[in-house]
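Only this structure's heavy atoms are used, side chains among them; waters, hydrogens and symmetry mates stay out.
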Amino acid sequence: KTENLPVAPGISRAMPTETPVWLVLDLVGTFAFALNGALTAVRAEKLDIVGIVTLGMFTGLGGGTVRDVLLGALPPATFLDWRYLALAASGGLVAFALGHRLDRLNATITVFDAIGLSVFAVLGAYKALDLGFGVTQAVLVGAVTAVGGGTIRDVMIGRVPTVLRSELYAIPALIGAGIFTAAHSFGYQGTLVAFGAAAVCFVIRMIGVRFDLH
């Protein structure tokens, strides 16, 4: 709840998540990206527990923080709700504890990355629309939200970000955000639409990975 928080001139309050479903989606995306970032660190075998948890937290929280800054929803939700920090840290700890035991680490990392990408693409678009931004802005914010965490992850471990390579990464995010935004424009605003748009983004991303599409 943010109604009692002081707000500086020209700065808007962070938009609270209006329904439990949207809050759960935001938290799921945060945990998925955090686990993905931490598993990437485990696979790299260059970081200790502090590095693994830190990378997980930056990956999980980066996209949502960029989203809130772009929308002027300040302070970002990350700093208003302890659950975001807790889930991001938990993702890092889970990866540290179990990462070396996962037989198919690459596949696990890819799946969690796709989950985070899909959820954040829809959430970014939703928050932009709910704050009164236009369709184009909503799609762009959705895509930036989706790729933000993964980009921060890649930069921190010293590799070219996935979004800048020839993989299907930003395009699924744009499609997922676009589907949700278009449905919203025609009056379809239910959670089923959100899940459907996220599912399309996830499927396209996984098809691209499976068949090495560019």
Side-chain angles (χ1 to χ4, degrees), residues 1-5 7 11-34 36 60-84 87-88 111-150 163 168-208:
K1 297 181 180 180
T2 61
E3 52 268 17
N4 295 323
L5 292 176
V7 180
I11 301 296
S12 62
R13 291 190 180 94
M15 189 193 73
T17 304
E18 295 181 354
T19 66
V21 172
W22 288 106
L23 176 61
V24 169
L25 283 175
D26 211 2
L27 294 175
V28 166
T30 298
F31 180 79
F33 259 142
N36 164 267
L61 302 174
T65 301
V66 171
R67 172 198 66 206
D68 291 345
V69 170
L70 286 175
L71 297 177
L74 302 174
T78 298
F79 303 105
L80 295 175
D81 192 333
W82 62 270
R83 288 173 290 189
Y84 290 95
L87 277 174
V111 169
F112 277 105
D113 183 63
I115 293 173
L117 184 80
S118 306
V119 170
F120 275 3
V122 173
L123 274 170
Y126 163 72
K127 284 200 170 185
L129 291 170
D130 199 68
L131 288 174
F133 288 86
V135 171
T136 302
Q137 292 88 343
V139 174
L140 291 176
V141 169
V144 171
T145 304
V147 304
V163 69
L168 280 178
Y169 197 73
I171 290 176
L174 286 167
I175 292 175
I179 290 174
F180 177 80
T181 302
H184 188 279
S185 300
F186 286 102
Y188 298 98
Q189 305 174 18
T191 54
L192 287 179
V193 174
F195 281 113
V200 171
C201 177
F202 178 83
V203 170
I204 294 174
R205 171 61 180 153
M206 295 307 297
I207 289 175

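Between T65 atom OG1 and L74 atom CG the span is 10.5 Å, to the nearest 0.5 Å. A distance of 4.5 Å separates CZ of F195 from CG of L25, quoted to the nearest 0.5 Å. Note that NZ of K127 is 5.0 Å distant from CG of D26, once rounded to the nearest 0.5 Å. To the nearest 0.5 Å, atom OG1 of residue T78 and atom CG of residue D68 are 6.5 Å apart. Here CG of D130 is found 7.0 Å from NE2 of H184. Values are rounded to the nearest 0.5 Å.
Listed here is the closest heavy atom pair of L129 and G134: CD2-O, 4.3 Å. Shortest non-hydrogen contact noted between G116 and A32 is N-CB, 4.0 Å. The minimum heavy-atom distance between G208 and L168, with the atom names listed, is CA-CD1, 3.9 Å. Scanning both residues, A34 and L87, for their nearest heavy atoms gives CB-O, 4.4 Å. Here the closest non-hydrogen pair linking Y84 and L61 is O-CD2, 3.7 Å. Considering every non-hydrogen atom in both S185 and V135, the closest pair reads OG-CG2, 3.6 Å.
Heavy atoms from other residues, nucleotides or ligands lying under 6.0 Å from CG of L140 number more than 12.
Looking at V111 and M206, their side chains come closer than 4.5 Å, going by heavy atoms from C-beta outward. Using a 4.5 Å heavy-atom cutoff, the side chains of T181 and Y126 are not in contact. Residues T145 and V66 have side chains not in contact (no heavy-atom distance under 4.5 Å, counting atoms from C-beta outward). Annotation: side chain of I204 is in contact with side chain of I175 (closest heavy-atom distance under 4.5 Å). Considering only heavy atoms from C-beta on, C201 comes within 4.5 Å of L117 through its side chain. At least one side-chain heavy atom of L23 sits less than 4.5 Å from a side-chain heavy atom of R83.
With F120 as the fixed residue, the ring pair (Phe, Tyr, Trp, His ring centres under 6.0 Å) test singles out one of F31, F33, F202: F33. Just one residue in the list L71, V141, V139, L70 forms a side-chain contact (heavy atoms from CB on, under 4.5 Å) with F133, and that residue is L71.
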Starting from the C-alpha separation in whole Å, work towards a yes-or-no answer on side chain to side chain contact (heavy atoms under 4.5 Å, CB included) for R205 and D113.
CA-CA 10 Å; R205 171 61 180 153; D113 183 63; 4.1 Å; yes
